[in-house]
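Worksheet: the structure to be examined is printed underneath.
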Number of protein chains: 2
Amino acid sequence: MKIRGYATLKDVAKKAGVSLATASRALNNRGDVDQTTRKKVLEAAKALSYTPNPLARGLLSGTTKTIGILVTTIQNPFYAAVVSGIEKVLAAEGYTIILCNSHEDPEAEREAIRVLLARRVDGLIIAPVQSKPDGLELLFKSNVPFVFVARYMPGVDTDYVVCDDEAVGRLATEHLIDRGHRRILFMNSRGNSSAELRQRGYEQSLAAHGISPEPSLIRTVYYHTQAEEAISAALDEGLDPTAVFCFCDEMAVGVLRVLAARGIRVPEEIAVISCDNLAFSAVLHPPLTTVDIPEFEMGVEAARILLNKIKRRKKKTTQVVFTPKLVERAST
Amino acid sequence: MKIRGYATLKDVAKKAGVSLATASRALNNRGDVDQTTRKKVLEAAKALSYTPNPLARGLLSGTTKTIGILVTTIQNPFYAAVVSGIEKVLAAEGYTIILCNSHEDPEAEREAIRVLLARRVDGLIIAPVQSKPDGLELLFKSNVPFVFVARYMPGVDTDYVVCDDEAVGRLATEHLIDRGHRRILFMNSRGNSSAELRQRGYEQSLAAHGISPEPSLIRTVYYHTQAEEAISAALDEGLDPTAVFCFCDEMAVGVLRVLAARGIRVPEEIAVISCDNLAFSAVLHPPLTTVDIPEFEMGVEAARILLNKIKRRKKKTTQVVFTPKLVERAST
DNA sequence: TTGTAGGCGTTATCAG
DNA sequence: CTGATAACGCCTACAA
């Protein structure tokens, strides 16, 4: 018994009147233990509410039964859902989750990875801030298995679970073009694979319809909370878009807010489309047209892949790409 | 060097040509170490990218630098914000967060507490599912410091950070009554302090205005995702409310969805008010009148109190109660 | 079937 | 200033 009052195996052994080894065997159903002895040990353990110390165990096994999760911010319901999916799978297997947020900052991401590895996590699930491996040598050199989720690094051989972001970009842009829009303001994120691929999809669709891309119509919004300033600035500059394509529903909220404040009607004067299809998007004013991405399922899948890596120690990487789906509502 | 490739202190000592003890002292700036020796050790450590194994450290110190967080679900942006607040404070102090979700299930809550304590967390921050300590003997008997957040257990001497939920109930109800409503459907949660206190506030306000409470107008919704069924059922039963008071913005989303689907105008036919003031509530259709609760700040405060408990080992409990604020918008 | 002993990686104590 | 050595709590050969 120490400060915190946790009983140790020694306490159990003493109470049961057996040796440490026997107590351990009895509790772990290991080797041959006399039924009576086992019972005595189990009773002693129960009486002392004994729980094995995971630190001692981990020290010996080189395993922590702990998984690090690193997303941009859990305040974005998109990642909250991803994390929930991961958690569902991992908790069932006795793993515990350590959560970190990068806030889209490469420096913070690197630091979080350092912390997580220093904690000796058994694996990592990461939504990488950037689409290049630069700066993450620590991650790639470690032998700790990891899976990218939502975003990945094209051209780098890793496990990942994403959705087809080029299709996302095309789906949204085509939809707007079909509705007669030609000046489409794209409020995009930047540096990560989703942003890059969606932009490629956007440009592909414009080209396919003979619309020449206008650089000033693509605005970078690093973090969704900056959406309001970004749309305000774009409007003040007189860019005159007839439609706005937002990187995520959270950004769309900011955009709708500003448009409402300025008395600009949606979709009559400016149409708005975005990506994610979060629960609230159906009840926004107006209900938001958005590209559905199965966040929860992506989390589930990523966790499964990671568990496989950890258990089977397999080397080959696995990639899963989900297909996005347009959900039409009143904002376009 | 073991499987995972982490260098150990032994490796560092060997490379630097000193003993384990000296290496340890050099790295921890402990005791007197010759400048030249220290430098050698630090260089060796760097070359091997040595990070102390927290399991070994923890085993010795009886500390894990790890805090358990237990909320109902991180998919509710309310708790996502609470957790973010906690994380901000804790990360700065080198603590790591282990996240668990109770999903409003007392059984799952108890199990999560068991897991967290078994993990030897240094402290816990909990949004308890129920307002009574029953079933949580494990928590109360442990000597692990904990702080309740968002919800608490009235009458039990613990640390907690909440908002004045009775005021929340009064604020919302008074507002509706002022607007002429007398049949107010209250879609409440249940069992937790927030639900109980808000209901008390609701009843106080009704009484103050001579409105006799009608039990059938209080519906229990255990989990916010069930809001749609609940409101549908209430309407089908012909309860004929002229206003709905929701336990949280997430529930209000479900309610608005159903009302919209049924072609019921808000607020003309039925007014809707709720609690939280999440970011999206300003852009719902219609913009939601809601009672603002400072979630992030509650998280920050809870984390601070917990750190104080852990560091100063003080026994006295601390209570913080935030004041809610009505935010009037178009749904009422 | 049971007990003894060694070691996982660190830190702290105590000699030297 | 430095180096053995003894814990921390657990598991597992190896002996008995």
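Numbered from 1 within each chain, the chains take letters A, B, ... in sequence-line order.
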If you take all heavy atoms of A:Ile74 and A:Ala80, which pair is closest and at what distance? O-CB, 3.8 Å
Take atom CG of A:Asp11 and atom P of D:dC8, then tell me their distance rounded to the nearest Å. 11 Å
Can you pull the ring pair (Phe, Tyr, Trp, His ring centres under 6.0 Å) pairs that have at least one residue in residues 36-89 of chain B, sequence neighbours excluded? none
Separation of D:dC10 atom P from A:Tyr6 atom OH, nearest Å, is 12 Å
Which pairs pass salt bridge (charged side-chain N to carboxylate O under 4.0 Å, His left out) with one or both residues in residues 105-118 of chain B, sequence neighbours excluded? B:Glu107-B:Arg110, B:Glu111-B:Arg114
Given 3.5 Å as the limit, does a donor-acceptor pair link the side chain of A:Thr64 with the main chain of A:Arg120, or not? yes
Atom CG of A:Asn29 and atom P of C:dT1 are separated, to the nearest Å, by 14 Å
Rounded distance (Å) that lies between atom C1' of D:dC1 and atom NZ of B:Lys40: 12 Å
Find the bend of the helix from C:dT1-D:dA16 to C:dG16-D:dC1 as the angle between its two terminal axes (five pairs each), to the nearest 10°. 50°
Nucleotide C:dC8, atom P - distance to CG of B:Leu59 in whole Å: 14 Å
Nucleotide of D:dG9, C:dG9, D:dC11 approaching A:Asn53 most closely (side-chain heavy atoms): D:dG9
Distance in angstrom units between B:Gln35 CD and D:dC1 C1', rounded: 12 Å
Output a table of donor-acceptor pairs, distance under 3.5 Å, between side-chain atoms of residues 123-132 of chain B and any protein atom two or more places apart or on a different chain; print 'none' if there are none.
unit_1: B:Ser131; atom_1: OG; unit_2: B:Gly191; atom_2: O; d: 3.1
unit_1: B:Ser131; atom_1: OG; unit_2: B:Glu196; atom_2: OE1; d: 2.9
unit_1: B:Ser131; atom_1: OG; unit_2: B:Glu196; atom_2: OE2; d: 3.0

Residues A:Ile310, A:Ile67; criterion side-chain contact (heavy atoms from CB on, under 4.5 Å); working and verdict: CA-CA 10 Å; A:Ile310 292 175; A:Ile67 302 293; 3.7 Å; yes
Interatomic distance where CG belongs to A:Leu55 and P belongs to D:dC11 [whole Å]: 13 Å
With B:Thr72, which residues qualify under side-chain hydrogen bond (donor to acceptor under 3.5 Å, both in side chains), at least two apart? none
Using a cut-off of 4.0 Å on non-hydrogen atoms, how would the nucleic acid contact of A:Leu9 be classed: base, sugar-phosphate, or nothing? sugar-phosphate
Would you tell me if any nitrogen or oxygen in the side chain of B:Arg57 comes within less than 4.0 Å of OP1 or OP2 on C:dT11? yes
Could you list the donor-acceptor pairs under 3.5 angstrom formed by side chains in residues 91-101 of chain A, with sequence neighbours left out?
unit_1: A:Glu93; atom_1: OE1; unit_2: A:Lys311; atom_2: NZ; d: 2.8
unit_1: A:Thr96; atom_1: OG1; unit_2: B:Arg119; atom_2: NE; d: 3.3

Please enumerate all protein N or O atoms sitting under 3.5 Å from an N or O of nucleotides 2-5 of chain D, with distances to 0.1 Å.
unit_1: D:dT2; atom_1: OP1; unit_2: B:Thr37; atom_2: OG1; d: 2.5
unit_1: D:dT2; atom_1: OP2; unit_2: B:Asp34; atom_2: N; d: 2.9
unit_1: D:dG3; atom_1: OP2; unit_2: B:Ser19; atom_2: N; d: 3.1
unit_1: D:dG3; atom_1: OP2; unit_2: B:Ser19; atom_2: OG; d: 3.2
unit_1: D:dG3; atom_1: OP2; unit_2: B:Thr22; atom_2: OG1; d: 2.6
unit_1: D:dG3; atom_1: N7; unit_2: B:Arg25; atom_2: NH2; d: 2.7
unit_1: D:dG3; atom_1: O6; unit_2: B:Arg25; atom_2: NH1; d: 2.9

Atom CG of A:Leu60 to atom P of D:dC10: distance rounded to whole Å? 11 Å
Using a 4.0 Å heavy-atom cut-off, does B:Thr63 contact any base of the nucleic acid, only the sugar-phosphate backbone, or nothing at all? nothing
Output side-chain donor-acceptor pairs under 3.5 Å for residues 154-162 of chain B, partner residues at least two apart or in another chain, one line each.
unit_1: B:Asp157; atom_1: OD1; unit_2: B:Thr317; atom_2: OG1; d: 2.7
unit_1: B:Asp159; atom_1: OD1; unit_2: B:Lys309; atom_2: NZ; d: 2.8
unit_1: B:Asp159; atom_1: OD2; unit_2: B:Thr318; atom_2: N; d: 2.8

Short side-chain N/O contact from B:Tyr50 to OP1 or OP2 of C:dT10, under 4.0 Å: yes
Run the side-chain hydrogen bond (donor to acceptor under 3.5 Å, both in side chains) test against B:Glu43 and tell me which residues pass, sequence neighbours left out. none
Of all the nucleotides listed (D:dG9, C:dG9, D:dT12), which has the minimum atom distance to the side chain of A:Ala56? D:dG9
Looking at the side chain of B:Arg30, which of C:dT10, C:dA12, C:dT11 is the nearest nucleotide? C:dA12
